[in-house]
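One structure below.
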Amino acid sequence: MQEAIIKTPVGTAKIIGDANGVQRIGILDDVADVSEIIPEALEDCAYQLAEYFEGKRKTFSLKLNPQGTDFQKRVWQALLKIPYGKTTSYLKLSQELGDEKAIRAVAAANGKNPLWIVVPCHRVIASDGSLTGYAGGLWRKKWLLEHETPPAQQSLF
């Protein structure tokens, strides 16, 4: 496994992967030195994340290799279907996966998402519209949602 540390507007991120794909992208609470050299297998991921934060990318095209249970992988696949700038609820996600009673299991799988931003778990909110649960901190979830849905510029006339 190779790794790279990059800076983002919401903190330092660590990318882990190899030729088989990106296995993990996570946000670090501690300050870490940025990688001077990004391993070739992770260059595209670092580049696409930079484009996302610059507002130039709304979807990712990366080879992914997340590690998890079959159920977790099903949830993560469902997260990939949430469009940029949109949100869904944990309940709706559970219903789309075929069992609304699995809401807690879906929320737990969402919380174990190993591919920060690329698999957009930040787009899942409570049924009442409130921001709940985010491994990276609710302030980051709020920032990411606002980044994806900037307020429309109003005309003076």
Side-chain angles (χ1 to χ4, degrees), residues 2-17 21-36 38-39 41-68 72-97 103 106-156:
Q2 299 171 313
E3 69 177 54
I5 306 291
I6 62 169
K7 289 281 186 204
T8 78
V10 290
T12 307
K14 183 183 213 178
I15 306 167
I16 299 172
V22 178
Q23 193 171 86
R24 177 171 288 281
I25 304 167
I27 192 75
L28 305 174
D29 285 324
D30 299 329
V31 176
D33 291 331
V34 174
S35 299
E36 291 183 30
I38 307 288
L42 306 177
E43 282 178 345
D44 201 28
C45 183
Y47 180 76
Q48 288 188 35
L49 283 168
E51 285 184 324
Y52 168 85
F53 284 112
E54 291 167 3
K56 298 176 182 175
R57 177 172 290 277
K58 295 182 179 184
T59 59
F60 293 90
S61 57
L62 297 167
K63 185 176 183 181
L64 303 177
N65 187 20
Q67 303 301 301
Q72 288 171 331
K73 289 177 182 179
R74 279 187 53 227
V75 172
W76 302 335
Q77 280 297 320
L79 294 173
L80 289 169
K81 297 176 185 171
I82 306 169
Y84 181 94
K86 303 289 184 192
T87 59
T88 193
S89 70
Y90 293 100
L91 176 60
K92 188 171 181 191
L93 195 56
S94 299
Q95 291 168 336
E96 289 172 9
L97 288 166
I103 189 169
V106 167
N110 193 59
K112 293 193 183 301
N113 169 24
L115 293 165
W116 180 65
I117 296 182
V118 173
V119 175
C121 58
H122 61 278
R123 296 180 189 153
V124 184
I125 60 175
S127 296
D128 66 3
S130 64
L131 301 185
T132 59
Y134 190 64
L138 288 180
W139 73 271
R140 284 190 181 105
K141 184 172 191 166
K142 183 177 188 288
W143 191 97
L144 293 168
L145 291 173
E146 288 175 353
H147 173 70
E148 293 184 4
T149 55
Q153 183 174 351
Q154 297 182 358
S155 172
L156 296 175

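We're numbering straight along the sequence, starting at 1. Below, each value reflects all heavy atoms present in this structure, side chains not excepted, and no hydrogens, waters or symmetry copies.
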What are the two closest heavy atoms between [X] and [Y], and how far apart are they?
{"X": "Asn110", "Y": "Val75", "answer": "N-CG1, 4.2 Å"}
{"X": "Val10", "Y": "Arg140", "answer": "O-NE, 2.6 Å"}
{"X": "Ala78", "Y": "Leu97", "answer": "CB-CD2, 4.0 Å"}
{"X": "Ile15", "Y": "Leu42", "answer": "O-CD1, 3.6 Å"}
{"X": "Ala13", "Y": "Trp116", "answer": "CB-CZ3, 3.8 Å"}

So do the side chains of [X] and [Y] get within less than 4.5 Å of each other, counting heavy atoms only?
{"X": "Ile6", "Y": "Phe53", "value": "no"}
{"X": "Pro120", "Y": "Leu80", "value": "yes"}
{"X": "Leu115", "Y": "Leu62", "value": "no"}
{"X": "Glu96", "Y": "Lys92", "value": "yes"}

For a side chain to side chain contact (heavy atoms under 4.5 Å, CB included) check, start with the C-alpha distance between Ile117 and Phe60, then their side-chain angles and the critical distance, and finish with the verdict.
CA-CA 9 Å; Ile117 296 182; Phe60 293 90; 3.8 Å; yes
How long is the straight-line distance from [atom2] of [Y] back to [atom1] of [X], given to the nearest 0.5 Å?
{"X": "Ile27", "Y": "Thr8", "atom1": "CD1", "atom2": "OG1", "answer": "4.0 Å"}
{"X": "Ser89", "Y": "Ile103", "atom1": "OG", "atom2": "CD1", "answer": "6.5 Å"}
{"X": "Leu138", "Y": "Leu145", "atom1": "CG", "atom2": "CG", "answer": "10.5 Å"}
{"X": "Thr87", "Y": "Ile125", "atom1": "OG1", "atom2": "CD1", "answer": "3.5 Å"}
{"X": "Lys7", "Y": "Leu49", "atom1": "NZ", "atom2": "CG", "answer": "15.0 Å"}
{"X": "Leu79", "Y": "Leu93", "atom1": "CG", "atom2": "CG", "answer": "5.5 Å"}

Is a side-chain donor or acceptor of [X] paired with a backbone partner of [Y] at a separation under 3.5 angstrom?
{"X": "Ser35", "Y": "Ile5", "value": "yes"}
{"X": "Trp76", "Y": "Ala109", "value": "yes"}
{"X": "Asn113", "Y": "Val119", "value": "yes"}
{"X": "Gln67", "Y": "Gln23", "value": "no"}
{"X": "Lys141", "Y": "Cys121", "value": "no"}

Within 6.0 Å of [atom1] in [X], more than 12 heavy atoms from elsewhere:
{"X": "Tyr84", "atom1": "OH", "answer": "yes"}
{"X": "Lys86", "atom1": "NZ", "answer": "no"}
{"X": "Asp33", "atom1": "CG", "answer": "no"}
{"X": "Lys58", "atom1": "NZ", "answer": "no"}

Name the orientation class of the two ring planes belonging to His122 and Tyr134 (parallel below 30°, tilted from 30 to 60°, perpendicular beyond 60°).
perpendicular
Taking the basic N atoms (NZ, or NE/NH1/NH2) and the acidic carboxylate oxygens, is any pair closer than 4.0 Å for Arg123 and Glu148?
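Salt bridge between Arg123 and Glu148, a charged N being under 4.0 Å from a carboxylate O: yes.
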Before you tell me yes or no, could you show the steps for Tyr52 and Val118 under side chain to side chain contact (heavy atoms under 4.5 Å, CB included), namely the whole-Å CA-CA distance, both residues' side-chain angles and the distance that decides it to 0.1 Å?
CA-CA 9 Å; Tyr52 168 85; Val118 173; over 6 Å; no
Side chain to side chain contact (heavy atoms under 4.5 Å, CB included) evaluation trace for Val106 with Val124:
CA-CA 11 Å; Val106 167; Val124 184; over 6 Å; no
Test side chain to side chain contact (heavy atoms under 4.5 Å, CB included) on Asp44 and Val22; report intermediate values, then the result.
CA-CA 10 Å; Asp44 201 28; Val22 178; over 6 Å; no
